[in-house]
Every structure is written in structure tokens, then in C-alpha cells.
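Sequence lines set the chain letters: A, B, ... in the order given, protein chains first and strands last, and positions in each chain run from 1. Worth saying up front: this structure is predicted, and the values here are computed from it rather than measured.
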Amino acid sequence: MKKKRMTHVVLSIAVFLIAFPLLFALIKATQSPGQVMSARLLPGTMFISNVRSIWENYSFYRYMLNSMKISLIIMFGKTFLSFFAAFALVFMSFRGKKVIFAFILVTLMMPTEMLIIGMFDLVSLQPPAGTAEFLAWFAHPLKVLFEPVRYGFGWTDKAVSVIVPFLASATGVFLFRQHFRNIPGSLMDASLIDGAGPWRFIFHVLFPLSRNTVGALFVVQFVYAWNQYLWPRVIIRNESAQVVQVGLKALIGNAEGVEWGQVMAGAVITMIPPLIILILLHDQFMKGIALSDSK
Amino acid sequence: MNNQSQYKSRVLPWIFLMPTLLVLLVFLYYPAWQSIILGLFRSNLFLGTRQFIGLENFKNLFTGPLAPAYYQVFLQTLVFSVLVIFPGLLISLILAAMTSSLGSEGKVYRILLIWPYALSPAVAGTIFSFMFNPETGAVNTILRSFTPFSPRWLDHPILAFLLVVCGCIWKNLGYNIVFYLASLQNVPKANYEAAELDGAGMITRFFRITMPLVSPVTYFLIFTNLSYALFEAFALVDLLTRGGPVGAAPLDNAGLTTFLIYKVFQDGFGGSSNMGFAAAQSVVLMVLVALITVFQFKVGEKRVHYGGAAS
């Protein structure tokens with residue numbers, strides 16, 4: 001059909017245009033410093049050497065390692081915690097459920113970027129020297145509430161500063177809640193009749209049924225954690241503790257003699273882990289998103 | 001449908017909920033409250049000085065010598081958001097609609113269209129800063145060999161602004177297309193076939209069938225994209241333009257690509273650190289986001305066509 005051919009042509013062009021900046025970066029990452037500055041768009045042979053120099057000279061491997069550790073912990077932690085929070089909200093009865101739900105709901109409109117100023121002291125200041133000192137401060141609720149925070153966690157330059165604040169997720173709780181509510185009540189009744197408690201229901205019924213939602217959340221959370229920029233840029237001052245996204249800035253840093261071939265190699269490498277996760281979990285991701293859409 | 005039986009336990013639900021609630025309380029609610037408190041102080045990050053000054057920070061945002069810059073940044077953020085959201089969504093919808101019209105033949109395009117989901121604003125900014133670097137950039141090198149033009153992309157205020165817009169649209173295409181593809185999967189084919197029999201052309205079908213059917217998703221995406229434009233674009237700006245360059249006459253109070261969140265960062269952590277002033281700006285942002293959210297829930301639900309889908 002003629003129309004179909006047109007669609008193929010337009011889509012192919014669009015796909016090429018969207019991929020162009022990345023292809024460009026990929027090609028430039030393989031070229032020698034001389035070629036990089038030319039209009040030449042053919043692959044060179046310097047990829048390995050470009051990668052090696054950022055690996056060695058800019059401790060890029062440290063950035064990658066830090067980001068990998070942080071992202072994996074956030075991905076598993078967030079999914080795990082929101083699974084159980086959503087379980088309590090859907091399958092358990094307790095007092096104050098509506099208030100708790102609202103409490104979680106409101107955080108959907110509180111992106112961390114907006115809170116960096118309020119979070120900075122809390123995370124970076126030194127903690128109180130001992131329990132007595134802490135209690136002496138905590139015993140004055142008015143001061144705790146109405147004065148700028150006096151103690152913090154002392155997490156500057158530590159990975160926890162970029163992990164712990166992100167372990168809870170309204171998005172995750174909602175996605176699981178949505179998914180759990182679509183699970184027929186009869187399943188739980190059956191497991192109740194069998195005399196199975198909540199744990200057995202969770203591990204034998206709920207987990208196997210939640211593969212798509214878990215897969216979708218893994219993608220969303222890994223990409224989110226991997227792509228973090230503003231908060232680590234502010235809270236991490238020590239190069240060796242930095243994440244890879246901010247590390248890219250260090251590569252460009254001294255604008256004078258930027259080795260663009262190396263910078264492009266860095267950009268390409270930075271993209272690989274989230275891309276792998278996306279491709280591996282592509283099916284679950286799409287299904288999980290389609291599910292969240294039927295709200 | 002919450003008529004299902006539930007486990008009764010006094011302790012277990014709280015054990016399940018406690019980690020989530022604690023993290024939200026300590027790292028979202030308390031910092032939000034702290035921003036309000038800090039907004040009442042004059043405080044310098046590097047000197048460690050701190051002095052209570054009441055509402056002066058808030059007053060300085062809207063009157064006095066610092067106000068014009070804030071107004072300009074506010075206006076720029078608005079224009080920037082509109083330019084990122086609407087063209088971005090339109091392109092995404094067209095591409096998603098074309099892909100899904102191909103049925104199983106279109107499978108190849110799916111992954112090729114959604115991969116930018118894994119792209120980070122920082123990587124997008126890094127690649128753009130090389131491509132469009134006025135002297136060493138590849139775009140100008142190529143342009144110079146064919147044409148007499150070699151624009152100074154990052155030094156020209158309007159061009160730099162448009163570059164940041166393009167970078168943001170590019171980065172967010174994957175996210176938008178994922179949601180459009182997912183929602184187009186649920187559109188019954190019969191609708192299109194019937195319309196085609198009635199002689200409706202491709203464009204008519206797009207506006208009359210596709211657009212209304214995906215309007216709930218579009219509505220949702222407008223707000224997620226707004227949040228993206230307000231907050232996540234930070235990395236792209238930081239790598240590409242650092243908030244500059246400063247515009248011409250009425251727009252010369254701040255860099256043209258300095259947006260609200262970038263200004264928070266600059267004022268709070270920049271050279272002349274003024275955390276209180278930055279905190280006051282965070283509070284304005286919080287109020288803004290709260291208003292948008294209320295609008296989203298109150299006004300939105302009524303206006304959007306839900307296409308008879310079970311809700």
C-alpha cells in the first residue's frame with residue numbers, strides 16, 4: 001500500500017533524526033583529536049584509547065561505579081518498600097488509612113530538586129555528639145520546628161546522601177496499589193481458606209502476579225536514580241564520591257583544552273547501563289505503563 | 001472495588017508502611033518546612049552567618065533591585081515550559097500514532113523511538129555542547145564547509161534559548177512516546193476502519209479519533225512534562241549554557257536560559273551564596289506546584305474525554 005510506504009519513510013527519517021546526536025557522539029568517540037575537530041563523520045579507531053584516558057585520567061570508572069551502586073540500591077530498595085506499603089494499603093485494614101494515603105499522595109508534587117535548600121543542612125550538618133545532646137535539642141519542639149535545623153546526618157560526600165532520601169516513592173506505591181486493586185479478591189479469599197497468612201499470600205500469589213509492575217518500576221527507578229544530577233552536584237564535593245552525570249561536567253570542566261573525543265566517549269558510556277535495563281525489561285515496562293494508564 | 005476481604009493485624013501494616021512514611025517525613029516534609037523557615041533568614045553557606053530578617057527575602061523577590069531579575073526568570077520559565085511541552089507532545093503523538101497504525105509491522109520502530117527514555121539531561125547537554133560549540137562544534141564545522149554561516153549558538157541569547165528547548169524536547173521524546181504507545185494499544189481498530197470507510201483522510205482521523213482518545217494521557221503528560229521542564233531541565237542548562245547568555249534591553253536582568261530552579265541553585269550555592277533568598281524562591285516554587293496540582297485535580301477531571309473507557 002502506498003500510504004503504508006509513506007508511513008515507513010516518515011518514521012525512518014524520524015528515527016534517524018532522533019538517533020542522530022547519539023550516533024554523532026558515538027562516531028566522534030572513536031576519532032583521534034585531529035579528526036574530532038573536522039567535519040569527518042566516519043568512525044575512527046581511537047575508541048578504546050579515548051575510553052582508557054577518561055577511565056585513567058578522570059577516574060571515570062569511579063563515577064560509573066558510584067552511580068551503579070547508588071542506582072541499584074535505589075532501584076531494589078524503592079521497589080521493595082513501595083511493594084509493602086501498597087500491600088498494607090490494599091490488603092490490610094487499619095485505622096487512619098485515608099490519612100496515610102493522603103500523606104503519600106501529597107509527596108507526588110514535591111520533587112527533590114525543589115527541596116535542595118531545605119535538605120542541604122539536614123543532610124550535611126554534623127550529627128549531635130551523643131544521645132544526650134540530641135535529646136536536649138529534641139526536647140524543645142518549638143526550636144526543632146521553628147528554627148533552622150541545628151544537626152544533620154553528616155552525610156556530605158557519602159553515597160547514603162544520594163540513596164536514603166530517594167528510598168520512598170509515591171510513584172511506586174501508586175503503581176503497585178493500582179495493580180493490586182485489579183487482582184480479583186477471590187484469589188485472596190482462596191488463600192485465606194487455605195489458611196495461608198499474609199506472608200504466604202505475598203510470596204506465592206502476589207509476587208508471581210506482579211512481574212510486569214516490578215519490571216516497569218525497575219526501569220523507572222533505575223533510570224531516575226542513574227540520571228540524578230542536581231542533588232549530587234550540590235551535596236557531593238569530593239570527586240571520588242561523585243556520580244557519573246555530574247562527572248560529565250568535570251570532563252568538560254576546563255573549557256580551554258577539552259578533548260571532545262574523550263567527552264563523547266564519556267557521554268556514550270554513561271548511557272549504556274540505563275539503555276541495557278530498558279532493553280532487557282522493555283516488555284514488562286510497556287505492559288506496566290499500559291496498566292498504570294487504565295486509571 | 002475495595003470490597004475485598006482484608007488482613008487484620010495491629011502491627012503488621014505499620015511495619016510495612018513505616019520505612020516509606022519515615023523517609024517521606026524526614027526527607028520531603030521536613031525539608032519543605034525547613035525551606036519556609038530558612039526563607040525568614042539571611043544566611044550565607046560559606047561564611048556560616050545567619051540572621052533572622054522576617055519576610056524580607058520574600059519582599060525582595062517582588063520589589064526592589066532584585067525583583068526585575070526574578071520576574072524575567074519567571075517569564076522565561078513560562079515561555080520555556082510552553083515551548084517544551086506542546087511541540088514535544090505533538091511530535092510524540094504523531095510518531096506514536098504512525099507507529100501503532102502499522103500494527104505488528106511497526107514493532108521495529110518502537111524501541112528506536114523510546115530509547116531516549118534512558119537518555120539523561122546531562123548526556124543530552126554534553127552532546128549538544130559539543131555539536132553546537134561555536135568554534136570547535138561539529139555543526140558549525142559542517143555549516144562552514146557548505147555555507148557562509150557559522151552562528152554563535154551558545155552566545156546568542158535567542159539561539160541558546162532555542163537550543164535548550166530542542167535539547168529538552170529531544171530528551172523527553174522517549175518518555176512521551178512510551179505513554180502514547182501504551183494508550184494507543186487500547187484503541188479499537190474498528191474506529192479507524194469505520195472512519196476510513198466514511199472517507200475520512202489521515203489528518204481528519206488524527207484530529208477526530210486519535211487526539212480525543214488519548215486526551216486523558218495528554219492531560220497527564222502535560223503535567224509530568226511541566227514538572228520536567230521546571231526541574232529536570234536543570235542539568236541540560238548547567239552543562240550547555242550555565243544560565244546565560246544575558247539578553248538585550250528589557251531582558252538584561254538575568255541570563256536568558258536561567259530558569260526558576262537554576263536561579264535557586266545559583267543564589268543558594270553560587271559565589272555570593274544567599275541561602276535564605278534561595279529558600280524563599282523554593283517556597284514560591286512550592287506554592288506554584290501546589291496550585292498547578294490543585295488545578296490538575298479539580299478542573300482537569302471534568303474536561304477530559306475518557307472515551308467511555310472503564311475507569
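- In terms of heavy atoms, A:Arg233 sits closest to B:Asp238 at NE-OD2, 2.6 Å.
- Between chain A and the options B:Ile142, B:Ile91, B:Ile127, the largest number of non-hydrogen pairs under 4.5 Å is found for B:Ile127.
- Using a 4.5 Å cut-off between heavy atoms, A:Ser191 touches chain B through its side chain atoms alone.
- Below 30°, between 30° and 60°, or above 60°: for A:Phe201 and B:Tyr7 the angle between ring planes is between 30° and 60°, a tilted geometry.
- When the candidates B:Met286, B:Gln281, B:Arg144 are compared by the number of heavy-atom contacts under 4.5 Å with chain A, B:Met286 comes out ahead.
- Contact of A:Val223 with chain B is made through the side chain alone, with heavy-atom distances under 4.5 Å.
- When heavy atoms are compared at a cutoff of 4.5 Å, B:Trp33 approaches chain A solely by way of its side chain, counted from C-beta outward.
- Checked by atom type and distance alone, the side chain of A:Glu113 never pairs as donor or acceptor with a backbone atom of B:Ile261 at under 3.5 Å.
- The distance from the CE atom of B:Met18 to the CG atom of A:Leu81 is 12.5 Å, given to the nearest 0.5 Å.
- Chain A forms more heavy-atom pairs under 4.5 Å with one residue of B:Leu230, B:Leu40, B:Leu285, B:Leu239 than with any other, namely B:Leu239.
- Neither the backbone nor the side chain of A:Phe16 comes within contact range of chain B, judged by heavy atoms closer than 4.5 Å.
- Here the two rings, on A:Phe153 and B:Phe27, have centers that are under 6.0 Å apart.
- For chain B, no part of A:Phe83 is nearby; none of its heavy atoms comes within less than 4.5 Å.
- Nearest approach of A:Met264 to B:Thr126, heavy atoms of both residues: CE-O, 3.6 Å.
- Between chain B and the residues A:Leu248, A:Leu230, A:Leu278, the most heavy-atom pairs under 4.5 angstrom are made by A:Leu230.
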Check step by step if side chain to side chain contact (heavy atoms under 4.5 Å, CB included) holds for A:Phe87 and B:Leu12. CA-CA 11 Å; A:Phe87 179 86; B:Leu12 207 53; 5.9 Å; no
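- Using a 4.5 Å heavy-atom threshold, the side chains of B:Ile37 and A:Glu147 count as separate.
- Here A:Met114 is the residue among A:Met109, A:Met110, A:Gln245, A:Met114 with the most heavy-atom pairs under 4.5 Å with chain B.
- Comparing A:Val219, A:Thr270, A:Ile18, A:Ile279 by how many heavy-atom pairs each has under 4.5 Å with chain B, the most go to A:Ile18.
- Between B:Asp267 atom CG and A:Ile117 atom CD1 the span is 8.5 Å, to the nearest 0.5 Å.
- Summarising the geometry, atom OG belonging to A:Ser82 is positioned 11.5 Å from atom CG belonging to B:Leu17; distances are rounded to the nearest 0.5 Å.
- Between A:Phe103 and B:Leu25 there is a side-chain heavy-atom pair separated by less than 4.5 Å.
- Looking at B:Thr99, both its backbone and its side chain come within 4.5 Å of chain A, counting heavy atoms on both sides.
- For A:Pro21, the parts sitting under 4.5 Å from any heavy atom of chain B are the backbone and the side chain alike.
- The parts of A:Ser12 that come within reach of chain B are both its backbone and its side chain, each placing non-hydrogen atoms under 4.5 angstrom from that chain.
- Using the six-membered ring where Trp is involved, B:Phe269 and A:Phe120 have ring planes that are perpendicular, over 60° apart on the 30 and 60° scheme.
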Could you give me the CA-CA distance, side-chain angles and deciding distance for B:Phe130 and A:Val258, then say whether side chain to side chain contact (heavy atoms under 4.5 Å, CB included) is met? CA-CA 10 Å; B:Phe130 176 39; A:Val258 192; over 6 Å; no
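- For A:Lys28, the part lying near chain B is the side chain, with the backbone staying farther off; criterion is any non-hydrogen pair under 4.5 Å.
- Summarising the geometry of A:Met286 relative to B:Ile114, their closest heavy-atom pair is SD-CD1, 4.1 Å, with the distance given to 0.1 Å.
- You'll find the side chain of B:Gln34 stays beyond 4.5 Å of the side chain of A:Leu122, heavy atoms only.
- The choice from B:Leu173, B:Ile15, B:Leu95 that makes the most heavy-atom pairs within less than 4.5 Å of chain A is B:Leu95.
- Heavy atoms of A:Leu108 lying under 4.5 Å from chain B are absent altogether.
- Proximity to chain A is absent for every atom of B:Ala124, based on heavy atoms less than 4.5 angstrom apart.
- Separation of the B:Phe16 and A:Trp199 ring centroids falls under the 6.0 Å cut-off.
- For chain A, the option among B:Gly125, B:Ser129, B:Gly268, B:Ser9 with the highest count of heavy-atom pairs below 4.5 Å is B:Ser129.
- With a 4.5 angstrom heavy-atom cutoff, A:Phe146 touches chain B via backbone and side-chain atoms both.
- When each of B:Leu24, B:Leu38, B:Leu112 is scored by its heavy-atom pairs under 4.5 Å with chain A, the top score falls to B:Leu24.
- Counting all heavy atoms, side chain and backbone alike, B:Leu102 lies closest to A:His8 at CD1-CE1, 3.8 Å.
- Interface check for chain B: of the options A:Met271, A:Lys78, A:His282, the most heavy-atom pairs under 4.5 Å are formed by A:Met271.
- Note that CE of B:Met131 is 12.0 Å distant from CH2 of A:Trp260, once rounded to the nearest 0.5 Å.
- Residue B:Val108 does not touch chain A at all, counting heavy-atom pairs closer than 4.5 Å.
- By number of non-hydrogen pairs under 4.5 angstrom with chain B, the leading residue of A:Val234, A:Ile277, A:Val263, A:Leu275 is A:Val234.
- Taking each heavy atom of B:Leu28 and A:Thr107 in turn, the nearest pair found is CD1-CB, 3.7 Å.
- The aromatic rings of A:Phe285 and B:Tyr117 are tilted relative to each other, their planes meeting at an angle between 30° and 60°.
- In this structure, CE in A:Met6 is found 7.0 Å from CE in B:Met98, a value given to the nearest 0.5 Å.
- Most heavy-atom pairs under 4.5 Å with chain B, from the set A:Val244, A:Val268, A:Thr112, A:Asp121: that is A:Asp121.
- Residue A:Leu115 holds its CG atom at 11.0 Å from OH of B:Tyr29, rounded to the nearest 0.5 Å.
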Verdict with reasoning, B:Leu21 to A:Ile104, per side chain to side chain contact (heavy atoms under 4.5 Å, CB included): CA-CA 8 Å; B:Leu21 297 182; A:Ile104 298 175; 4.0 Å; yes
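- Heavy atoms of A:Tyr229 lying under 4.5 Å from chain B belong exclusively to its side chain.
- Only the side chain of A:Ile202 comes within contact range of chain B, with at least one heavy atom under 4.5 Å from a heavy atom of that chain.
- At a threshold of 4.5 Å between non-hydrogen side-chain atoms, the residues B:Val139 and A:Phe24 do not count as touching.
- When every heavy atom of A:Pro148 is checked against every heavy atom of B:Arg50, the shortest pair comes out as CB-NH1, 3.4 Å.
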